[in-house]
Every structure is written in C-alpha cells, then in structure tokens.
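Only heavy atoms go into these numbers, but all of them, side chains included; no hydrogens, no water, no symmetry mates. Order of appearance sets the numbers: ligands from 1, and atoms from 1 within every ligand. All figures in this text were calculated on a predicted structure; none of them were measured in a lab.
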Amino acid sequence: LAKTDGKSTWRRYQDELHDAMMRRLEMRTALNEAVSGDQMRLRFQPIVDLPTSEVVAMEALVRWEHPVRGLLGPNEFIELSEETGSIVAIGSWVLREALRTFAGWRQTVSGSLLRYVSVNVSARQFRAPGFVDQVRRVLAETGAQPEWLLLEITESLVLHDADQVWQDLRALRAMGVRIAIDDFGTGYSSLSYLSQMPVDVLKIDKSFIDDILDNTQQLALVDTIVSLARTLDLAVVAEGIELDEHRQVLAGMGCPYGQGYLFSKPVTADQIGQWLYAHSY
Ligand code: C2E
Ligand code: MG
Ligand code: MG
Ligand code: MG
C-alpha cells in the first residue's frame, strides 16, 4: 500500500512539474509577442505629500493582458521577461506609454500639479546598449520634459558593475531626469556608499512600513533612513502605506512623501484622467 501511495505521489509530482514546465514554456513564447500584440497595460498609483495627502506624482505599474489568463501582475512575468530578454521591449513600451500619458495630463489645469511620473526600470533593461539614448529620444518624441521623469532602479544595479551604470546614471541626471532607488532597505548598500550614489530619491520598501506601528526597532530604522536622506539631500517616498496611523507616524518623523492603498490602489489612466477633470476648476 505504501508503495502505491509513493508511486502516485511521485506521479502527481511529475505531472505538476510537467505542467509547470509547459506553462513556463508557453509563457515565454507568449511574452515575446505580448508587446507587438498590444497586450501590455499600465496602471498608475498616486504618490502623495504626506502631511497634506495632496497627490504630487504617479507611479506607472505594468500589467499583462494575457489572451487566456486575463490581467497578470508584474510578479507573474517580470522575472521571466528578464530571463528571456523580452523585458527590454516591455520596458521601452512602458517608458513611452507612461511619458505619453503623463504629457497628456500635464496639458490639463489640474494635471499641471503633477510633478513627475515614476517608471520602474529593470537591471537588464538599464544595462541594454543605448538605454540613455532611448530615454532622450522618448522624451523628445512625447514632448515630455526630463524633470517629469523619475526612473526607479534597484539597489543591486547601483552596487554591481558600478562603472558603466554610474556613468549612465550621471548622464541621465545631467539631462534632468531623476533617479530613485526602489525597495530601499532590502538590498545591501552600505550607508556610507549611499552618499556617493548618483541618485535623488529613496523609496522605503513596504516591508519596513508594515511593522512601524508595533515594532519599535523597525520604527527606529525608518526614522534613521528618513534623517539620513535629509542629510544627504535625498527625497524619500514611503511605500505601502495602508493605514492613516502609518501616514501620521511617517509624517511626524518628517518623511515627505508616501504611496499606498490608503490613498489609492493602482488605477487606469482613464480613472486618473477623470479624477484630474473632477479636481479642475
Ligand atoms: P514596486 O515598484 O515596489 O511597486 C509597488 C508595488 O506595491 C506595486 O505592485 C503596488 O501595486 C503595490 N502596492 C502599492 N501600495 C500598496 C499597499 O498599500 N499595499 C500593498 N499590499 N501593495 C501595495 P505591482 O504593481 O504588483 O508591482 C510589483 C513590482 O513589479 C513593482 O514593485 C516593480 O518592482 C515591478 N514592476 C511593476 N511595473 C514594472 C515595470 O514597468 N517595469 C519593471 N521592470 N518592473 C515593474
Ligand atoms: Mg517601483
Ligand atoms: Mg518599490
Ligand atoms: Mg516594493
């Protein structure tokens, strides 16, 4: 009996493994055609001034409208697209679409209160040849000013192969584009190194914010990051704010900006457009 059980468990395991492999293979192929097939979508999440909750910016977040599986979040395909290289095409689409949309909003009365659009850039996309030129070209084509663009990169990108990456970061900043370190605190950058990094903004990862109400050590850590950022003349955005208590504590320690479900989930460009219209006078 034990033997049959073992066998069926093994079978089931094999079946599952097979299914997972097929799904991955199928995803790889489908991903390669997702951009040309017009299946990528953007959502936008407001970034607010914490003391007043006024919206100051938007983060663009990609989705994949899979023909069969429906709307997929980035956690279901970004890693794979980095592996296969399709992230380069996806990333250029995101950059163009985000700037095109943002430039449209800026032409409206209330839209002019939005200072910038934040765009996530994966390491592989950043390192692909011609990235800086591409940014310059897309800005020109969409009529967006460099100041309207904030590029979100990861700590690990700044830490590894520093030479070329730092040179490109400096070139982007010289153009007027700003740089943020996304998910700050989850990587391994030393605080002393931070003072030399060619960046403008730190986004404190949600995992730190989650704990600040009941973990005094996390609270102290976030407080330290906020003070340090102020010393280094970096702006700070706290990610994943879900409660007004989070907002109050963060505003109290002088954290200038935040983002999270408390203010809004990511929504469509149309919803933002309607909201801007309703807030114009
Ligand atoms: P991220 O850049 O750190 O974006 C924040 C993520 O947290 C988003 O998830 C957002 O929807 C979610 N979030 C925001 N506020 C809250 C909150 O209060 N509570 C909770 N539970 N979640 C919140 P999303 O859209 O699923 O994106 C996940 C990650 O995928 C992003 O993390 C980013 O690293 C990556 N990503 C998204 N769009 C792009 C893109 O266009 N290119 C690249 N390379 N990566 C992207
Ligand atoms: Mg981000
Ligand atoms: Mg983040
Ligand atoms: Mg995050």
Side-chain angles (χ1 to χ4, degrees), residues 31 34-35 39-48 50 53 55 57-65 70-102 116-128 131 134-135 138 149-157 178-187 199-213 222 225 235-247 250 257-269 271-272:
L31 247 187
V35 172
Q39 292 166 5
M40 288 295 149
R41 304 285 178 264
L42 281 189
R43 295 294 180 264
F44 292 89
Q45 187 180 36
I47 295 167
V48 308
L50 278 186
S53 298
V55 176
M58 296 289 168
E59 177 173 4
L61 295 158
V62 74
R63 303 289 182 263
W64 177 16
E65 181 106 47
L71 201 67
L72 302 179
N75 294 337
E76 296 182 77
F77 65 88
I78 288 291
E79 208 182 295
L80 186 64
S81 75
E82 279 166 352
E83 246 170 77
T84 65
S86 55
I87 188 63
V88 178
I90 294 172
S92 348
W93 180 85
V94 168
L95 180 67
R96 182 179 305 271
E97 186 65 13
L99 284 174
R100 196 183 63 78
T101 307
F102 191 80
Y116 65 89
V117 64
S118 232
V119 175
N120 295 281
V121 178
S122 88
R124 179 151 182 187
Q125 181 193 355
F126 193 97
R127 289 203 212 93
F131 178 72
Q134 189 201 354
V135 171
V138 175
L149 179 61
L150 182 77
L151 296 177
E152 299 191 5
I153 61 172
T154 59
E155 260 175 293
S156 56
L157 176 71
R178 292 183 315 137
I179 310 291
I181 298 189
D182 203 355
D183 306 331
F184 183 76
T186 58
V199 301
D200 306 278
V201 178
L202 299 183
K203 298 193 74 171
I204 305 178
D205 194 62
K206 177 180 190 304
S207 56
F208 292 95
I209 309 308
D210 283 342
D211 284 351
I212 55 173
L213 296 180
V222 172
I225 297 174
V236 182
V237 180
E239 297 188 307
I241 300 179
E242 294 184 345
L243 305 171
D244 196 57
E245 286 87 338
H246 289 149
R247 185 193 65 77
L250 288 160
Y257 304 108
Q259 180 177 1
Y261 293 173
L262 172 66
F263 310 106
S264 170
K265 291 198 169 182
V267 297
T268 63
Q271 285 172 291
I272 302 286

Per-residue contact class, [X] against ligand 1 - non-hydrogen pairs under 4.0 Å:
X      : answer
Leu61  : both
Lys265 : neither
Asn75  : side chain
Arg63  : side chain
Asp183 : side chain
Asp205 : neither
Arg43  : neither
Ser122 : both
Lys203 : neither

Taking only heavy atoms of [X] into account, list the atoms of ligand 1 that are under 4.0 Å away from them.
X      : answer
Glu242 : 17 (C), 18 (O), 19 (N), 20 (C), 21 (N)
Glu59  : 2 (O), 4 (O)
Pro266 : 11 (O)
Gln45  : 14 (C), 15 (N)
Glu239 : 3 (O)

Q) Does a salt bridge link Glu242 with Lys206, judged by any charged N lying under 4.0 Å from a carboxylate O? A) yes
Q) Is it true that Glu59 and Lys203 have a side-chain N and a carboxylate O under 4.0 angstrom from each other? A) yes
What are the two closest heavy atoms between [X] and [Y], and how far apart are they?
X      : Y      : answer
Ser118 : Leu150 : OG-CD2, 3.1 Å
Arg63  : Gly73  : CD-CA, 4.1 Å
Tyr116 : Leu149 : CB-N, 4.4 Å
Ser86  : Thr84  : OG-OG1, 3.0 Å

May I ask you to check whether [X] has an N/O atom sitting below 3.5 Å from an N/O atom of ligand 1?
X      : result
Gln125 : no
Glu82  : no
Val62  : yes

Taking [X] for the side chain and [Y] for the main chain, is one N or O donor matched with an acceptor at less than 3.5 Å?
X      : Y      : result
Arg178 : Leu151 : no
Asp200 : Ile179 : yes
Glu155 : Gly187 : yes
Glu97  : Val94  : no
Arg247 : Leu50  : yes

**Q.** Per atom 28 (C) of ligand 1, closest listed option by heavy atom (Pro46, Gly91, Pro74, Ser81)
**A.** Pro74
Q: Everything protein-side that's N, O or S and under 2.8 Å from the Mg ion (ligand 2): list it, residue and atom.
A: Glu59 OE2, Asn120 OD1, Glu152 OE1, Asp182 OD2
Q.
With a 4.0 Å cut-off on heavy atoms, is Gly73 in contact with ligand 1?
A. no
Q) Looking only at heavy atoms of Gln259, does any of them come nearer than 4.0 Å to an atom of ligand 1? A) no
**Q.** Pairing residues for Phe44 by the ring pair (Phe, Tyr, Trp, His ring centres under 6.0 Å) criterion, not counting sequence neighbours
**A.** Trp105
Q.
Are Leu31 and Trp64 packed together at the side-chain level, in the sense that at least one heavy-atom pair is separated by less than 4.5 angstrom?
A. yes
(Q) So, taking the atom named CD1 in Ile90 and the one named CD in Glu82, what distance separates them when rounded to the nearest 0.5 Å? (A) 9.5 Å
Q.
Would you compute the distance between atom CG of Leu250 and atom CD of Glu245 and round it to the nearest 0.5 angstrom?
A. 11.5 Å
Q: Evaluate the side-chain hydrogen bond (donor to acceptor under 3.5 Å, both in side chains) criterion for residues Ser264 and Gln45: first the C-alpha distance (whole Å), next the side-chain angles of each, then the deciding distance (0.1 Å), finally the verdict.
A: CA-CA 6 Å; Ser264 170; Gln45 187 180 36; over 6 Å; no
